[in-house]
Amino acid sequence: MDRITAYLAHLIPHRTPFLTTATAFAPSNIALCKYWGKRDVTLNLPLTSSLSLSLAQGSTTTISLAEKDSVALNGTVLENTSDFHRRLFQFLDLIRLTRTPLQVQTHNDFPTAAGLASSASGFAALILALNTLYNWQLETRELSLLARLSSGSACRSLWPGFVEWHEGTRADGLDSFAEPLNIDWSDCCLHPCILTQASKAISSRDAMNISMQTSPLAKLWPLHVTEDLAEIKLALQEKNFHRLGLATERNAKRLHELLHTAVPAINYDLPETLALKKRVEALRAQGHAIYFTQDAGAQIKLLYLKNEKTLAEIKHLSALLPA
Ligand code: PMV
């Protein structure tokens, strides 16, 4: 038995559908401390732990028994040669024993180009729907272990609020799951700023591989994450927003330094990205508690407290570009 088959056999009680259709919702999540780098590619095990905040927006996914495999994203049926189709059914092939044809329909309640990890919420909603379709009755922690195989950050999209994905130490991957932190801080807001509608030139998967293999900063990354994660968790416990913002921003900057020093260098910044980061710094110099984070893309996500006075400006900044 190969490692992935053994892993799934441990988690999934059976592979016979119980219902003909099932639907589930999962929130999108933004990492405050990023997942970057794998210690095991087959089982999709991360090099380090990571921590995210879930958003109100997310994906609703329906999975149904059908006559042939298909996937529709926001109402549009995708070509079976598309990357999304291939990736999705590669994952479903691991789950279904026989090639039971399946129809998948996913709706995101945010623009696809918003730089929100639609793969994370889409795959998390899919796992929740599969749990109902097959009547597995798995615990959310076990669903997180399954979601990790589809897309790493999907394992954090099963809960609202602050969620930590534990890197784990076991070779079989069964201790690398996410769980919610017991922190109630709903005043803490994240606002994604849509700075471009263009899809990125290099996928995060490729950027992760290239940067971790070639950047001289790659060896420092686990150490940096240990520092940033500890700082973020402390800030959350203290509800110290300034501390949270600084550590979140530092982690995003460290990720982008890693990308800039890869060979070849990877740069996701557009002029609009750089301008917005400068604006955030200027607002801070004027006394506003606003911070940013940035994933593997040009979009910026603003971190602020609900009562922030410059909220109108934040909304304006996030609509800098025509839709
Ligand atoms: O889960 P993936 O394979 O799409 O990678 C996500 C990587 C980042 O979004 C950049 C960081 C993160 O922790 O979400």
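Quick caveat: nothing in here was measured; it's all calculated off a predicted structure. Order of appearance sets the numbers: ligands from 1, and atoms from 1 within every ligand. Here, residue 1 is the first one in the sequence, and each next residue gets the next number. The basis for the numbers below is simple: all heavy atoms, side chains too, and nothing from hydrogens, waters or symmetry mates.
In this model, a donor atom of one side chain and an acceptor atom of the other lie less than 3.5 Å apart for Trp36 and Ser211. Defined by atom type and a distance below 3.5 Å, a donor-acceptor pair is present between the side-chain atoms of Arg148 and Tyr7. Of the N and O atoms on the side chains of Ser59 and Asn108, at least one donor lies less than 3.5 Å from an acceptor on the other residue. Residues Ser64 and Thr21 have side chains that bring a donor and an acceptor to within less than 3.5 angstrom of each other.
If you number the atoms of ligand 1 from 1 as listed, the ones under 4.0 Å from a heavy atom of Ala31 come out as 12 (C), 13 (O), 14 (O). Counting atoms of ligand 1 from 1 in the listed order, those under 4.0 Å from a heavy atom of Gly152 are 1 (O). Heavy-atom contacts of Lys34 reach the following atoms of ligand 1: 13 (O) (cutoff under 4.0 Å).
Of the N or O atoms in Ser153, one or more lie within a sub-3.5 Å distance of an N or O in ligand 1. The N/O atoms of Ser204, backbone and side chain alike, include none that comes under 3.5 Å of an N/O atom in ligand 1. Geometrically, ligand 1 and Tyr35 share a nitrogen or oxygen pair separated by less than 3.5 Å.
Not a single heavy atom of Arg205 sits under 4.0 Å from any atom of ligand 1. Heavy atoms of Trp36 come nearer than 4.0 angstrom to ligand 1 in at least one pair. Ligand 1 lies less than 4.0 angstrom from a heavy atom belonging to Ser151.
Between His191 and Tyr304, the ring planes are tilted. Angles from 30° to 60° get that label.
Taking each heavy atom of Leu145 and Gly173 in turn, the nearest pair found is CD2-O, 3.6 Å.
Checked for salt-bridge contact, Asp187 and Lys239 miss the test: no charged N lies under 4.0 Å from a carboxylate O.
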